[in-house]
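Hydrogens, waters and symmetry mates play no part in the numbers below; they use all other heavy atoms, side chains included. Heads up: numbering here begins at 1 and tracks the sequence.
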Amino acid sequence: MQTVHVLAIITAKPGMRERVLDAFRDNVPAVRAEQGCIEYQATIDAEGAGSLQTRVGPDIFVVVEKWASLEALKAHAVAAHMAAYADKVKDMIASRVIHVLTQA
């Protein structure tokens, strides 16, 4: 089995990012308890990086994930707690882009 990395770029509707992040944080323990979850966290722009970075902006956060296998990721995608989270935030999300990556 090969490790799978995910970058999920979530764009909240203007002014809604913190509310979406609150719902995300509430769901984190259930996700981290899933079989095959190695890493799962929300990230936002770091301060003080200057010209080193390209900022994602005030309405966006990036979920950094690492899964033991593609099968574990697929099970995560259909988990009941993920459906509940999606239902909770659906009216606050403008867009979602998910990159599923593996080692080159």
Side-chain angles (χ1 to χ4, degrees):
M1 286 190 284
Q2 190 168 18
T3 303
V4 178
H5 303 264
V6 178
L7 296 176
I9 302 165
I10 312 299
T11 302
K13 291 181 179 175
M16 301 296 287
R17 183 176 79 176
E18 203 52 44
R19 288 184 61 196
V20 177
L21 280 169
D22 286 342
F24 177 90
R25 290 178 192 115
D26 288 345
N27 198 38
V28 166
V31 174
R32 288 188 178 157
E34 290 179 49
Q35 184 171 352
C37 180
I38 299 168
E39 180 180 0
Y40 189 79
Q41 64 182 341
T43 61
I44 60 172
D45 286 313
E47 295 302 322
S51 63
L52 178 66
Q53 75 175 348
T54 301
R55 296 179 71 81
V56 296
D59 296 319
I60 297 174
F61 65 98
V62 179
V63 181
V64 178
E65 306 177 37
K66 188 173 181 181
W67 295 89
S69 66
L70 187 55
E71 291 74 23
L73 174 61
K74 288 179 178 179
H76 161 71
V78 298
H81 56 268
M82 291 308 296
Y85 164 75
D87 188 54
K88 189 181 294 186
V89 299
K90 67 182 177 198
D91 295 331
M92 296 182 273
I93 300 289
S95 70
R96 182 178 74 139
V97 177
I98 299 175
H99 301 279
V100 179
L101 310 163
T102 192
Q103 186 174 348

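Side chain of Arg17 to backbone of Pro58: a donor-acceptor contact under 3.5 angstrom is found. The backbone N or O of Cys37 sits nowhere less than 3.5 Å from a side-chain atom of Arg32 that would complete a donor-acceptor pair. Between the side chain of Asp59 and the backbone N or O of Ala12 there is no donor-acceptor pair closer than 3.5 Å.
Of all heavy-atom pairs between Val4 and Ser69, the closest is CG2-C, 3.6 Å. The nearest pair of heavy atoms linking Ala8 to Ile98 is CB-CG1, 4.1 Å. Considering every non-hydrogen atom in both Gly36 and Ala72, the closest pair reads CA-CB, 3.9 Å.
By the rule that hydrophobic residues join a cluster once side-chain heavy atoms approach within less than 4.5 Å of another member, Ile38 and Met82 end up as members of separate clusters. Criterion: ILVMFWY side-chain heavy atoms under 4.5 Å apart, direct or through other members. Under it, Val64 and Val20 are not part of a common hydrophobic cluster. Taken together through direct or relayed side-chain contacts under 4.5 Å among Ile, Leu, Val, Met, Phe, Trp and Tyr, Ile9 and Val6 form parts of separate hydrophobic clusters.
None of Val97, Ile60, Ile93 except one satisfies the side chain to side chain contact (heavy atoms under 4.5 Å, CB included) rule with Thr11; the exception is Ile60. The only option from Glu34, Lys74, Glu39 that meets the side chain to side chain contact (heavy atoms under 4.5 Å, CB included) definition with Trp67 turns out to be Glu34.
Note that CE of Met92 is 10.0 Å distant from CG of Leu21, once rounded to the nearest 0.5 Å. Distance check: Glu18 CD to Ile44 CD1 gives 7.5 Å after rounding to the nearest 0.5 Å. Rounding to the nearest 0.5 angstrom, the gap separating the OG1 atom in Thr3 from the CG atom in Leu70 is 11.5 Å.
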Would Gln53 and Glu47 count as a side chain to side chain contact (heavy atoms under 4.5 Å, CB included) if you check the C-alpha gap in whole Å, the side-chain angles of each, and the deciding distance to 0.1 Å?
CA-CA 10 Å; Gln53 75 175 348; Glu47 295 302 322; over 6 Å; no

Given Glu65 and Val31, is the side chain to side chain contact (heavy atoms under 4.5 Å, CB included) satisfied, shown in steps?
CA-CA 10 Å; Glu65 306 177 37; Val31 174; over 6 Å; no

Is there a side chain to side chain contact (heavy atoms under 4.5 Å, CB included) between Tyr40 and His76 once you walk through the steps?
CA-CA 11 Å; Tyr40 189 79; His76 161 71; 4.1 Å; yes

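Crowding of Arg55 atom CZ: a count of heavy atoms from other residues, nucleotides or ligands under 6.0 Å exceeding 12.
Using a 4.0 Å cut-off between charged nitrogen and carboxylate oxygen, Arg25 and Asp22 count as a salt-bridge pair.
Between Phe24 and Tyr85, the ring-plane angle classifies as perpendicular under the 30° and 60° cut-offs.
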